[in-house]
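The chains referred to below are lettered A, B, ... by the order of the sequence lines, with proteins before strands, and numbering in each begins at 1. Just so it is clear, the model here is predicted, and its values are computed rather than measured.
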2 protein chains.
Amino acid sequence: MSETSGETGGTPGERISDAEHAIMEVLWDRHPLSAAEVCDEVCATRGWSMPTVKTLLSRLVGKGALATEPAGRKFLYSPLIERSDYVGGESRRLVDRLFGGRAASLFAHLAQSEALTDEDLGEIERLLKEMRK
Amino acid sequence: MSETSGETGGTPGERISDAEHAIMEVLWDRHPLSAAEVCDEVCATRGWSMPTVKTLLSRLVGKGALATEPAGRKFLYSPLIERSDYVGGESRRLVDRLFGGRAASLFAHLAQSEALTDEDLGEIERLLKEMRK
DNA sequence: ACGTATCGACTACGATTGTAAACATGAGCG
DNA sequence: CGCTCATGTTTACAATCGTAGTCGATACGT
C-alpha cells in the first residue's frame with residue numbers, strides 16, 4: 001500500500017536499514033560483486049568484519065533488495081531495487097514526516113539553516129528554469 | 001563515552017525514534033502538556049494506549065529531548081530541543097547519506113520524480129528570489 | 001483520615017538491527 | 001585422495017524500538 005506503483009510482486013516492502021544501506025551503496029556503485037569484494041569496499045570504512053557483511057547481504061537478499069547470481073563457486077550480488085527508487089522513497093518519507101509532504105518546506109528549511117551553498121542555489125535556480133519551460 | 005551532555009548547546013546525542021518523534025510533534029505544537037493530554041492527541045491517531053505514550057515520554061526524557069515540570073501531582077512535558085534543530089538534523093542526515101551532502105541533488109531528485117507540485121515550485125521560486133536580493 | 005483514582009516508574013516481551021562466530025560444503029592443492 | 005581454504009548458511013547475542021501491563025506513590029473527595 002501507498003507505493004508509487006502496483007509493485008508487481010517483486011518490490012521489497014521491507015525497509016532497508018542503515019547498515020544495509022551502506023552495502024547497497026557499494027553495489028549501486030559497482031555490480032555484480034562477491035561478498036569479499038563488497039567487504040573490501042566497506043569493511044575498512046565502517047570497521048566491519050566479513051561475517052557482518054555476509055549477514056547484511058543475506059538480509060538484503062531476504063528483503064528482496066539484492067539478487068544473487070551464482071558464479072562458479074561463489075555468489076555475485078546485484079541490486080534489485082534501483083538507487084533512485086530507494087532515494088526517492090526515503091526522501092518522500094522525510095518530507096512527509098517532517099514537512100507535512102510539502103517539499104517547499106524542506107527547501108525553506110534548508111535555505112534558512114544556511115545549508116544551501118551558492119552552488120546549490122545556482123543549480124536549483126537552473127533546474128527551476130528548466131522545469132518552467 | 002561521555003555522552004549525555006549537550007555538545008555545542010544541548011543537542012541530545014541520542015537519536016529520536018519514529019514513534020518518539022510523533023510525541024515530539026505533539027509537544028512542539030503545544031506545550032507543556034501532561035501525559036494524558038499528549039495521549040489525547042496521538043492515541044487515537046496512532047492507535048496507542050496510555051502506557052505506550054508514557055513509555056515514549058519517559059524515553060524522551062531519558063534522551064534529554066523533553067523536560068518535565070512538576071505541576072501539582074502530575075508532570076508537564078515540554079520539548080528541550082527545538083523542532084527546527086531536529087528537522088535540520090534529520091534533513092542534513094538524509095542529504096548527507098543519500099546525496100553526498102549536496103542539497104541541490106535532493107532538489108533535483110524531487111524535481112525529477114515529480115514530487116514537486118506547482119505550488120512547491122512557485123514557493124521555491126519565491127524563496128529563491130528573496131534570497132537573491 | 002481513609003480509600004480511591006491518577007500518574008509516573010519499573011518491568012516485560014517480541015521484532016528489528018548491528019555485529020559476529022560457528023558450521024557446512026564445495027574447490028583447488030599437495 | 002584427503003586437507004585446507006574460501007564462501008554461503010545458520011545461529012547468536014546485545015541494544016534499540018514498539019507496544020503495553022503492573023506497581024507504588026500521591027493528591028483528592030468524602
Please state how far atom CD in B/Glu37 lies from atom P in C/dG8, giving the value in whole angstrom units. 10 Å
Taking only residues two or more places apart in sequence, or in another chain, which ones meet B/Trp48 in a ring pair (Phe, Tyr, Trp, His ring centres under 6.0 Å)? none
Partners passing salt bridge (Lys or Arg N to Asp or Glu O under 4.0 Å) against A/Glu90 (at least two apart in sequence or in another chain): A/Arg15, B/Arg97
Every protein N/O lying under 3.5 Å from an N/O of nucleotides 2-5 of chain C:
none

The side chain to side chain contact (heavy atoms under 4.5 Å, CB included) partners of A/His109 (sequence neighbours excluded) come to A/Phe99, A/Ser113, B/Ser84, B/Val87
Over how many whole Å does the gap from A/Asp40 atom CG to D/dT7 atom C1' extend? 14 Å
By side chain to side chain contact (heavy atoms under 4.5 Å, CB included), A/Ala108 pairs with (sequence neighbours left out) B/Leu127
What is the distance from CD1 of A/Ile16 to C1' of C/dT16, rounded to the nearest Å? 15 Å
Atom CZ of B/Arg15 and atom C1' of D/dT16 are separated, to the nearest Å, by 12 Å
Go through the structure and list residues passing ring pair (Phe, Tyr, Trp, His ring centres under 6.0 Å) with B/Tyr86, not counting sequence neighbours. B/His21, B/Trp28
Is any side-chain N of the basic residue among B/Glu123 and A/Arg102 closer than 4.0 Å to the acidic one's carboxylate O? no
Protein-proximity profile, nucleotides 24-30 of chain D, B/S/- by nucleotide at the 4.0 Å heavy-atom cutoff, equals ---SS--
Near DNA chain D, under 4.0 Å by heavy atom, which residues of residues 46-60 of chain A? A/Lys54, A/Arg59
Rounded distance (Å) that lies between atom P of C/dA15 and atom CD of A/Glu14: 14 Å
Please, which pairs that meet disulfide (SG to SG under 2.5 Å) have at least one residue in residues 37-133 of chain A, sequence neighbours excluded? A/Cys39-A/Cys43
Distance in angstrom units between A/Lys74 NZ and D/dG8 C1', rounded: 12 Å
Under the salt bridge (Lys or Arg N to Asp or Glu O under 4.0 Å) test, which residues partner B/Glu41, sequence neighbours left out? B/Arg30
Smallest separation among heavy atoms of B/Ala103 and B/Val95, with atom names: N-CG1, 3.8 Å
Within this structure, what is the CD-to-P distance between A/Glu69 and D/dT7, rounded to whole angstrom? 15 Å
Euclidean distance, atom CG of residue B/Asp18 to atom P of C/dT16 [Å, nearest integer]: 15 Å
Results of salt bridge (Lys or Arg N to Asp or Glu O under 4.0 Å) for B/Glu37 - residues two or more places apart only: none
Side-chain atoms of residues 51-61 of chain A: list all donor-acceptor pairs with protein atoms under 3.5 Å, sequence neighbours left out, distances to 0.1 Å.
{"from": "A/Thr52", "atom 1": "OG1", "to": "A/Ser49", "atom 2": "OG", "distance (Å)": "3.4"}
{"from": "A/Thr55", "atom 1": "OG1", "to": "A/Pro51", "atom 2": "O", "distance (Å)": "3.1"}
{"from": "A/Ser58", "atom 1": "OG", "to": "A/Lys54", "atom 2": "O", "distance (Å)": "3.1"}

